Amino acid sequence: MKLSLRLPPHYHLRSVILSHGWSALEPFRVMPRRDGLSVAIRMSTGKPVVLLCTQTGRRLQIKAEGTDAVTEGEREEIRGMVAAMFRTDENLDGLYAWARRKKRLSWILAVGAGRILRAPTAFEDTVKMICTTNCSWSLTTLMVGRLTNSLGTAIGDRHTFPSAADMANQTERFYRREIKAGYRSPYLLELARRVAYGDLHIERVRNGELAEQEKIDLFANIMGVGPYALGNLLRLHSVYDRYAHDSWITAEYAKRYHDGRKVSERTIERRYEAFSPYQGLIYWLDMTKPWYRKKHDFDSDFTS
DNA sequence: GCGTCCAGGTCTACC
DNA sequence: GGTAGACCTGGACGC
């Protein structure tokens with residue numbers, strides 16, 4: 001089954017793939033030469049499917065594999081999920097206005113950067129974000145890989161990411177012993193149970209019904225989500241004026257602008273605050289600019 | 001081979 | 001409100 005989506009001006013799928021490390025985490029897989037991304041998803045009917053996504057001109061081409069028949073309703077669901085993941089509907093006019101105004105930001109418009117790749121659901125994004133805290137990137141990939149392969153739905157040689165219900169049925173011991181999530185284990189279990197039991201309607205951040213402060217309140221009240229994870233999750237949900245400092249990005253900033261000398265977070269924020277309300281996103285793009293230039297193998301882009 | 005450090009932090013108790 | 005200490009894992013590094 002094939003379908004396609006119309007893309008807005010300045011859209012470059014490759015830049016979405018490079019936007020952060022998500023494309024290197026299961027169940028995403030980067031296609032050869034980084035010109036496409038495949039992802040295993042499970043539709044609301046429970047049917048798993050692998051989507052191969054590539055760009056041809058101003059259209060995003062989607063090929064669904066692993067399923068015989070796809071209903072019209074499922075086609076619409078796939079279109080909606082792909083649009084949400086690849087940010088095809090995201091309005092970045094304000095960001096691009098800054099890129100036109102400031103010469104050092106002009107590259108953003110040239111490569112169509114700024115659309116940050118998301119998982120199919122806010123739940124999956126939040127689980128993965130908790131798995132990035134206080135550990136190396138390699139450990140994040142291991143934890144997410146174990147979650148996907150042990151609890152997700154199999155399709156061919158791949159698995160979808162587990163649903164909240166799949167994760168809620170496990171024990172803290174499982175997350176410690178099998179996933180090796182350490183102290184994050186109770187956080188993952190609590191999040192899954194709150195979502196599965198209907199205590200936390202996390203997908204509301206995706207449907208446009210929440211104001212910025214409501215998105216902040218929703219994520220900030222999840223155990224395991226501190227300032228770093230909050231800033232990153234908000235960036236995934238169109239709130240671009242928040243900073244997400246971590247040891248990697250502050251070191252990168254020090255290297256770039258202060259000869260490697262560490263500076264306070266406040267000093268960094270002062271440099272970008274003029275770009276309101278895109279200061280958090282522009283900080284991220286400024287630090288990750290080299291990723292968009294690299295020619296070497298994809299795996300090395302997100303390892304440090 | 002072994003010990004130590006620390007990485008894309010967060011929470012809690014205490015002051 | 002600010003801060004110290006505890007918390008899991010695994011890879012890098014020095015010895």
Side-chain angles (χ1 to χ4, degrees), chain A residues 17-26 28 113 116-119 124-150 167 170-192 194 200 216-237 239-240 242-257 260 262-266 268-269 272 279-292 294 298-304:
Chain A
I17 294 171
L18 291 170
S19 61
H20 66 143
W22 257 211
S23 54
L25 296 178
E26 293 284 354
F28 283 119
I116 311 297
L117 180 68
R118 297 196 292 205
E124 182 177 332
D125 278 329
T126 308
V127 169
K128 287 177 171 174
M129 199 62 74
I130 290 172
C131 290
T132 68
T133 59
N134 196 28
C135 66
S136 60
W137 181 251
S138 61
L139 182 55
T140 297
T141 61
L142 286 172
M143 286 188 279
V144 171
R146 290 186 199 115
L147 269 176
T148 306
N149 291 317
S150 58
M167 289 182 61
Q170 303 301 323
T171 61
E172 183 180 324
R173 180 185 171 90
F174 170 83
Y175 290 103
R176 289 185 184 274
R177 293 281 184 90
E178 305 299 325
I179 307 302
K180 299 188 192 302
Y183 67 88
R184 303 167 195 82
S185 301
Y187 304 154
L188 297 178
L189 187 56
E190 182 185 296
L191 171 62
R194 285 179 69 194
L200 176 64
I216 294 169
D217 293 342
L218 186 149
F219 286 124
N221 283 304
I222 294 173
M223 285 292 286
V225 173
Y228 149 83
L230 177 63
N232 277 314
L233 284 166
L234 289 172
R235 191 192 306 137
L236 293 180
H237 294 90
V239 177
Y240 298 123
R242 306 279 293 208
Y243 298 93
H245 297 290
D246 59 45
S247 56
W248 176 82
I249 199 168
T250 53
E252 194 67 21
Y253 182 91
K255 197 162 56 180
R256 185 87 58 85
Y257 294 116
K262 282 196 76 172
V263 295
S264 71
E265 292 177 358
R266 185 68 198 115
I268 296 173
E269 291 172 10
Y272 294 95
Q279 58 268 52
L281 179 57
I282 289 177
Y283 171 40
W284 175 255
L285 293 173
D286 198 23
M287 294 302 103
T288 57
K289 181 181 175 182
W291 294 358
Y292 296 83
K294 285 182 177 177
F298 181 79
D299 286 346
S300 58
D301 285 345
F302 299 114
T303 54
S304 54

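For clarity, every value in this text was computed on a predicted model and none was experimentally measured. Order of the sequence lines fixes the chain letters, A, B, ..., with proteins taken first and strands second; residue numbering starts at 1 for each chain. Hydrogens, waters and symmetry mates are skipped; everything else that's a heavy atom, side chains included, is used.
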Quiz item: Should A:Ile116 and A:Trp22 be marked as a side chain to side chain contact (heavy atoms under 4.5 Å, CB included) after you check the CA-CA gap, both sets of side-chain angles, and the distance that decides it?
Solution: CA-CA 9 Å; A:Ile116 311 297; A:Trp22 257 211; over 6 Å; no
Exercise. Go through the steps to decide whether A:Phe219 and A:Asn232 satisfy the test side chain to side chain contact (heavy atoms under 4.5 Å, CB included), and finish with yes or no.
Key: CA-CA 10 Å; A:Phe219 286 124; A:Asn232 277 314; over 6 Å; no
Practice problem: Please lay out, stage by stage, how A:Ser136 and A:Trp248 fare under the test side chain to side chain contact (heavy atoms under 4.5 Å, CB included). | Solution: CA-CA 10 Å; A:Ser136 60; A:Trp248 176 82; over 6 Å; no
Quiz prompt | Derivation and outcome, side chain to side chain contact (heavy atoms under 4.5 Å, CB included), residues A:Ile179 and A:Arg184 | solution = CA-CA 10 Å; A:Ile179 307 302; A:Arg184 303 167 195 82; over 6 Å; no
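Atom P of nucleotide B:dG9 and atom CH2 of A:Trp248 are separated by 12 Å, given to the nearest angstrom. If you measure from atom CG of A:Leu233 to atom P of B:dG9, you get 14 Å, rounded to the nearest angstrom. One atom, NE2 of A:His20, and another, C1' of B:dG8, lie 12 Å apart when rounded to the nearest Å. Protein atom CZ of A:Arg176 is 13 Å distant from nucleotide atom P of C:dG10, rounded to whole Å. Residue A:Ile222 contributes atom CD1, which lies 18 Å from atom P of B:dG9 at whole-angstrom precision. Between the P atom of C:dC7 and the CG atom of A:Asn134 lies a distance of 13 Å, rounded to the nearest Å. What separates CE of A:Met129 from P of B:dT10 is a distance of 10 Å, to the nearest Å.
Across all non-hydrogen atoms, the minimal contact from A:Tyr183 to A:Thr133 is OH-O, 3.8 Å.
The gap from the P atom of B:dT4 to that of C:dA6 amounts to 16 Å, rounded to the nearest Å. C:dC8 and B:dC5 have their C1' atoms separated by 15 Å, given to the nearest Å.
Across all strands shown, A:Leu142 has heavy atoms under 4.0 Å from sugar-phosphate atoms exclusively, and none from any base. The residue A:Leu139 sits close to a base: some heavy atom pair falls under 4.0 Å. Residue A:Ala244 is out of contact with every strand shown, counting any heavy-atom pair closer than 4.0 Å.
Residues from residues 177-190 of chain A lying near DNA chain B, meaning a heavy-atom separation below 4.0 Å, are A:Tyr183, A:Tyr187 in numerical order.
C:dC8 makes up no base pair with any nucleotide shown, lacking Watson-Crick or G-U wobble contacts both under 3.5 Å. Base-pair partner of C:dG2: B:dC14 (Watson-Crick or G-U wobble, both distances under 3.5 Å).
When each of A:Arg235, A:Arg242, A:His245 is checked for a side-chain hydrogen bond (donor to acceptor under 3.5 Å, both in side chains) with A:Tyr283, only A:His245 meets the rule.
The residue among A:Gly224 and A:Asn232 whose nearest nucleotide of DNA chain B lies closer to the 5′ end is A:Asn232. Both A:Cys135 and A:Pro227 lie close to DNA chain B; mapped to their nearest nucleotides by heavy-atom distance, the more 5′-ward contact belongs to A:Cys135.
Judged purely by atom type and a 3.5 angstrom limit, A:Trp284 uses its side chain to pair as donor or acceptor with the backbone of A:Ser19.
The side chain of A:Asp246 approaches B:dG8 more closely than any other nucleotide in the set B:dC11, B:dG8, C:dC7. Listed candidates were B:dT10, B:dC11, B:dA7. Nearest to the side chain of A:Met223 is B:dC11.
For B:dG8, the OP1/OP2 oxygens have no side-chain nitrogen or oxygen of A:Arg235 closer than 4.0 Å. Between A:Ser136 and B:dC6, a side-chain N or O to OP1/OP2 separation shorter than 4.0 Å is absent.
More than 12 heavy atoms of other shown residues, nucleotides or ligands fall within 6.0 angstrom of atom CZ in A:Arg256.
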